[in-house]
Amino acid sequence: MADLSTNDEAVAAALDTPVRRGEPILQVRNLKKHFPLTQGILFKKQVGAVKAVDGVSFDLYQGETLGIVGESGCGKSTVAKLLMNLERATAGEVFYKGQDITKLSGRALKAVRRNIQMVFQDPYTSLNPRMTVGDIIGETFDIHPEVAPKGERRRKVQDLLDVVGLNPEYINRYPHQFSGGQRQRIGIARGLALNPEIIICDEPVSALDVSVQAQVINLMEKLQDEFNLSYVFIAHDLSIVRHISDRVGVMYLGKLAEIGTDEEIYEHPTHPYTQALLSAVPVPDPQARADRDRIILTGDVPSPANPPSGCRFRTRCWKAQDKCATEQPVLAVPERFRGQKTLAAHESACHFAEERDVVHAG
Amino acid sequence: MSTINKNATVPAPREGGHTGPLLEVKDLHVEFHTRDGVAKAVNGVNYSVDAGETLAVLGESGSGKSVTAQAIMGILDMPPGKIPQGEILFRGEDMLKMSDEERRKIRGRKIAMIFQDALSSLNPVLSVGYQLGEMFRVHQGLSKKDAKTRAIELMDKVKIPAAKARVSDYPHQFSGGMRQRIMIAMALALEPELIIADEPTTALDVTVQAQVMDLLAELQREYNMGLILITHDLGVVADVADKIAVMYAGRIVEQAPVHELYARPAHPYTRGLLDSIPRLDQKGQELYAIKGLPPNLLKVPTGCAFNPRCPKATDLCRTDIPALVPVTEQDGSDLPGRKSACHFWKETIHG
Amino acid sequence: MPDVTKTATAVEDAVAPPSAPESKGSHKQEKARSLWGDAWHDLRRNPYFIVSSALITLLLVISAFPSLFTSASPTMGDLSNHFLGKAELSKIGSPEWLGYDQQGRSVYARLIYGTRASVMVGLCVTAIVATVGSIMGMLAGYFGGVWDAILSRITDVFFGIPFLLGAMVVLQSFTERTIWVVVFALAFLGWTQITRVMRGAVITVKHADYVHAAKALGAGTVRILFRHILPNAMAPVIVVATIALGGYISAEATLSYLGLGLSAPTVSWGVDVSAGVAQIRVAPHVLLWPSIMLSLTVLAFIMLGEAVRNALDPKLR
């Protein structure tokens with residue numbers, strides 16, 4: 001298969017070209033993941049599909065943090081897995097330096113993995129309990145031997161531990177000998193080992209104690225500056241996303257409802273779902289809390305196996321009209337704001353988009 | 001089962017008799033004997049709740065907040081757990097000295113508990129209507145039909161839509177938020193005087209969290225119940241609590257009415273916690289982070305357990321355990337309900 | 001109602017980091033403690049483990065070097081000793097210690113030499129079953145889909161065959177029944193249990209985040225299977241295999257008793273039990289001793305399995 005290997009080399013060459021700051025490094029286009037619902041044991045018959053991710057598009061710019069927020073079941077974790085190619089996309093593309101990584105496999109995919117890494121949610125399950133910390137981090141060099149020559153690996157692992165703020169002498173310990181925050185640092189060290197350009201973070205602090213969350217967030221911000229990383233930061237905690245993100249996308253039932261800079265989303269939200277989400281965030285300040293505009297949504301998120309027609313949010317939306325049931329709103333700058341120099345002029349998938357500040361006391 | 005004469009089994013009538021707080025925990029200690037030694041989970045906790053009052057117990061993992069609640073409910077695993085000293089007074093009677101039978105009668109009927117994980121707390125093979133009705137059949141001897149009617153009433157009460165149609169559904173057919181409502185309905189069934197809610201909304205989404213907390217607060221007002229809300233989330237507490245007890249390493253380090261605590265914390269740990277959470281309405285630079293790790297219960301530091309992580313720690317903090325003392329205004333006037341277990345509370349609150 | 005196990009886990013969480021200071025200052029160096037190490041630490045303190053492992057070690061030594069324990073031959077009979085050279089319980093270790101059988105052979109010598117057959121059958125069957133079963137279970141569990149469907153159906157078919165009845169049928173088709181034939185017959189039907197256990201364990205483990213993490217790093221299938229999945233899926237297989245080992249030993253004895261397993265001149269407890277039954281009224285000791293040995297051996301392995309289970313999964317207790 002000479003043809004294939006030259007192709008691989010072409011991919012590898014393309015991957016080595018650097019991307020300048022502020023240019024898109026990852027372009028996601030109409031990404032979909034449908035999990036088939038089947039019946040039968042030996043001969044499976046598809047009876048439906050859970051549309052976990054159903055047409056998501058966004059760009060990640062070099063050096064930025066893109067936050068993705070949404071409630072459980074909105075498909076945000078599936079997006080992470082798709083970006084990592086841990087799940088195969090049903091449709092759509094993810095372009096990394098011009099290569100559609102959803103179609104790659106074998107050597108070319110392995111080359112891409114060097115540059116896109118992941119930090120997982122649960123530090124208790126993301127580290128193999130039967131391996132030492134040194135083996136967990138050092139395994140990256142076994143898989144990609146070209147990154148570190150054999151003699152240097154141990155020292156490199158110790159350097160990484162030092163970078164994430166752990167004692168390098170802990171190299172021979174096992175994960176269960178560490179606390180949650182320390183384990184997450186180990187997970188981050190593993191993600192950094194290959195010196196990637198992009199790190200996908202799937203709820204990296206939600207399993208940690210409050211007092212430890214801030215430590216890990218600060219560490220991640222420090223590393224971003226130090227290693228010139230781009231983050232996709234997936235979380236359900238809007239306060240943390242606001243803190244760390246440059247731009248934010250809000251997901252609902254497999255689709256993006258709204259996307260924009262952090263200021264656009266938090267100070268000038270135009271999608272009713274974003275507004276409801278923001279207003280529901282518990283604020284640790286009873287005074288500010290009392291003055292806030294609160295929107296309490298009724299009902300639950302519908303099943304992604306059978307999403308509502310038209311706008312997916314309409315079943316819980318107080319603004320819903322007939323149009324919402326028949327016509328699917330597209331993610332674009334709403335017409336009424338188009339061409340205006342206001343922060344409300346950002347992409348929002350609502351027929352009746354209008355600004356409403358729910359974060360500030362009013 | 002025959003009808004139980006309600007009054008005969010109740011240790012103290014609902015009104016009258018006892019005049020102190022509804023529940024009072026006095027100098028409670030709990031320890032666990034593990035492979036690696038004795039873990040001191042609770043080291044002398046005091047708190048009290050009145051009828052109609054909400055006490056929030058705030059703490060991180062290992063602070064002993066849940067263990068205290070389990071001790072109150074009498075569902076602590078013993079062994080490995082042990083209660084070497086302390087009292088848990090319910091309407092003035094020490095529950096730790098009661099017989100198993102007496103405690104069983106209080107549990108569920110007088111004190112009920114709501115857990116974080118509603119799915120694993122409900123029996124998956126029985127319909128929710130049956131499980132709700134069971135409370136009435138067993139405790140009040142109602143017939144199957146009456147119990148079902150009461151179950152539907154309860155489901156209406158906790159605002160489950162189409163309760164009548166859904167009474168025969170099984171737990172897995174409900175969403176997380178609805179399951180938590182069913183748990184609340186179950187806790188409410190016998191109209192208890194005290195509800196202990198252990199992280200009731202932690203597993204829920206923010207939009208649903210608000211619904212469930214509002215419901216809980218509303219029902220509490222309606223029934224004039226005492227509520228102990230155990231949580232790690234400073235945001236959730238701010239909404240519903242009347243007073244807050246902050247726990248660290250098995251001790252209460254600060255106690256205050258809710259507004260006071262947020263405005264002027266009197267313990268460096270509380271201050272650190274408040275500073276370390278990012279705010280929705282402002283984008284700061286670097287987050288303040290409490291250094292170090294939550295305490296290891298096998299080796300609680302000497303002196304103040306928070307001293308290795310405290311920016312203000314002195315030698316005194318490393319040797320002497322600070323007592324939980326009343327906090328006063330700068331001019332010495334009283335701050336009712338405020339206490340702090342810090343040698344330097346004056347500097348912390350007024351400095 | 002309330003989930004009581006929560007208490008234990010909550011405490012465990014709080015206790016989990018057994019001293020792990022964030023500061024890089026001078027702190028007493030704490031030893032690395034692997035999960036296997038922790039299990040071993042627990043095992044060594046378990047009296048059941050101590051008793052059963054001592055017994056099993058003794059059995060292994062006996063079967064390896066039977067001549068160390070008796071000078072008598074298990075097959076040479078002296079008819080002048082016919083039966084009634086009653087047991088002389090004071091003469092421990094001598095040929096006449098436990099008496100003689102119908103053909104004047106030392107019961108004690110036969111016990112010693114019979115150990116090897118039982119232990120060999122047990123160990124060999126377990127080794128084969130564990131290997132075959134683990135591989136099948138791993139393939140079915142990890143690859144899923146068609147692989148799983150086919151392998152699981154094959155497993156089901158074999159699982160449906162009654163174990164002893166099936167072994168009898170297999171043995172019937174051999175004219176000469178050596179130890180190896182018995183091993184084959186038991187292993188042929190025994191692998192399904194391990195396959196099922198392994199498949200279940202692999203399915204649980206393969207969804208763990210650390211497996212995803214390894215994939216995200218670009219790890220190949222072999223690495224994922226042998227570095228990440230196997231070590232974490234092995235514990236239940238070890239437990240089941242240890243307990244099953246005792247079962248295979250008793251199955252061998254049962255088959256030999258029925259005349260379908262080993263037969264004379266092979267020396268085996270099952271053969272002796274079979275022979276002893278005929279003289280149960282005249283000379284009960286011929287039946288008694290091999291039966292006791294058999295029970296003790298099976299018990300030892302079951303006890304070992306239980307002890308290992310407790311050590312590997314403390315939460316089950």
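Hydrogens, waters and symmetry mates play no part in the numbers below; they use all other heavy atoms, side chains included. Treat the numbers as computed from the prediction; the structure is a model and nothing was measured. The sequence lines fix the lettering, A, B, ..., with proteins before strands; numbering per chain opens at 1.
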(message) If I measure from the heavy atoms of chain A, does C:Asp38 come under 4.5 Å with its side chain, its backbone, both, or neither?
(response)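 The side chain, not the backbone.
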(message) Can you confirm whether more than 12 heavy atoms, excluding those of C:Tyr48, are under 6.0 Å from its OH atom?
(response) no
(message) Filter on salt bridge (charged side-chain N to carboxylate O under 4.0 Å, His left out), then keep only pairs touching residues 208-218 of chain C, sequence neighbours left out; what's left?
(response)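 The answer is none; no pair qualifies.
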(message) Show me the pairs that pass salt bridge (charged side-chain N to carboxylate O under 4.0 Å, His left out) and involve residues 112-129 of chain A, at least two apart or across chains.
(response) A:Arg114-A:Glu146
(message) Looking only at heavy atoms and a cut-off of under 4.5 Å, which of A:Gly187, A:Ser126, A:Gly191 has the most pairs with chain C?
(response) A:Ser126
Please tell me if the side chains of [X] and [Y] come closer than 4.5 Å, counting only heavy atoms from C-beta onward.
| X | Y | value |
| --- | --- | --- |
| A:Pro129 | C:Tyr210 | yes |
| C:Val211 | A:Asn128 | no |
| A:Met118 | C:His212 | no |

(request) Measure distances from A:Leu127 to the heavy atoms of chain C and classify the residue's part below 4.5 Å as side chain, backbone, both or neither. (result) backbone
(request) Scan for side chain to side chain donor-acceptor pair (under 3.5 Å) pairs involving residues 133-145 of chain A, sequence neighbours excluded, and state none if there are none. (result) A:Thr132-A:Asp135, A:Glu139-C:Arg223, A:Glu139-C:His228, A:Asp142-A:Arg153
(message) Quick check: closest heavy atoms across C:Ala216 and A:Leu86, and the distance to 0.1 Å?
(response)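 Shortest heavy-atom separation between C:Ala216 and A:Leu86 comes out as N-CD2, 3.8 Å.
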Separation between [atom1] of [X] and [atom2] of [Y], rounded to the nearest 0.5 Å:
| X | Y | atom1 | atom2 | result |
| --- | --- | --- | --- | --- |
| C:Ser34 | A:Gln177 | OG | CD | 8.5 Å |
| A:Arg130 | C:Leu230 | CZ | CG | 10.5 Å |
| C:Leu217 | A:Met84 | CG | CE | 7.5 Å |

(request) Taking heavy atoms only and a threshold strictly under 4.5 Å, list by residue number the residues of residues 187-199 of chain C that touch chain A; give 'none' if the list is empty. (result)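 So far as heavy atoms go, nothing in residues 187-199 of chain C approaches chain A to under 4.5 Å.
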